[in-house]
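One structure is given here, and the rest of the page talks about it.
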Amino acid sequence: QAHLVESGGGLVQTGGSLRLSCAASGVVFINSMAWYRQGPGEQRELVASLTSDGVANYADSVKGRFTISRDFGRDTRYLQMNSLKPEDTAVYYCKMRVGLRLKPRLEADAWGQGAQVTVSS
């Protein structure tokens, strides 16, 4: 069974940086992944995504400030967040499309537990 563990959240001042990590276990391979966030009283929104080919896409609100990346040697994906603003305050969730079996192929979506990011003004 796939299991995602997030780390790296915390409290930071405006303009500061944080790096979130999302480590997968119990998977055969990782296809695509994405980071979402949900602010207080808001709906969950897509922040950034990364295809299996390494193509990254970002929400307009974070372009130029956030970078999604992967570690080829480990089943870990990252979200580097720079120039943080108070409006970035939210719980951040990673989501991966993972392979549970090769033959026959079996894929599933897995979610991390969420990491709180708080940006003070």
query: Between Q116 and T118, do the side chains contain an N or O donor and an N or O acceptor separated by less than 3.5 Å?
result: yes
- request: Please determine, by modelled atom types, if Y36 and R44 share a side-chain donor-acceptor pair under 3.5 angstrom.
  value: no
field: Neighbour count >12 (heavy atoms, 6.0 Å) for atom CD, E42
entry: yes
- prompt: Linking Ile, Leu, Val, Met, Phe, Trp and Tyr through side-chain heavy atoms less than 4.5 Å apart, which residues share a cluster with Y78?
  reply: none
statement: Members sharing L102's hydrophobic cluster, built from side-chain contacts under 4.5 Å between Ile, Leu, Val, Met, Phe, Trp and Tyr, are V28, F29
query: Between R70 and D75, is there a side-chain N and carboxylate O pair less than 4.0 Å apart?
result: no
message: Show me the pairs that pass disulfide bond (SG atoms under 2.5 Å apart) and involve residues 19-121, at least two apart or across chains.
response: C22-C94
Residues which pass ring-ring contact (aromatic ring centres under 6.0 Å, His included) with Y93, listed by chain and number, not counting sequence neighbours: none
message: Test of understanding: with side-chain hydrogen bond (donor to acceptor under 3.5 Å, both in side chains), list the residues that count as partners of N82, not counting sequence neighbours.
response: S17, Q80
query: Does the pair K63 and D60 meet the rule for a salt bridge (Lys or Arg N to Asp or Glu O under 4.0 Å), with working shown?
result: CA-CA 5 Å; K63 277 182 182 177; D60 289 342; 3.2 Å; yes
message: Within this structure, what is the OG1-CZ distance for the pair T67 and R19, rounded to the nearest 0.5 Å?
response: 11.5 Å
- request: With sequence neighbours excluded, tell me which residues meet side chain to side chain contact (heavy atoms under 4.5 Å, CB included) with A56.
  value: L50, Y58, I68
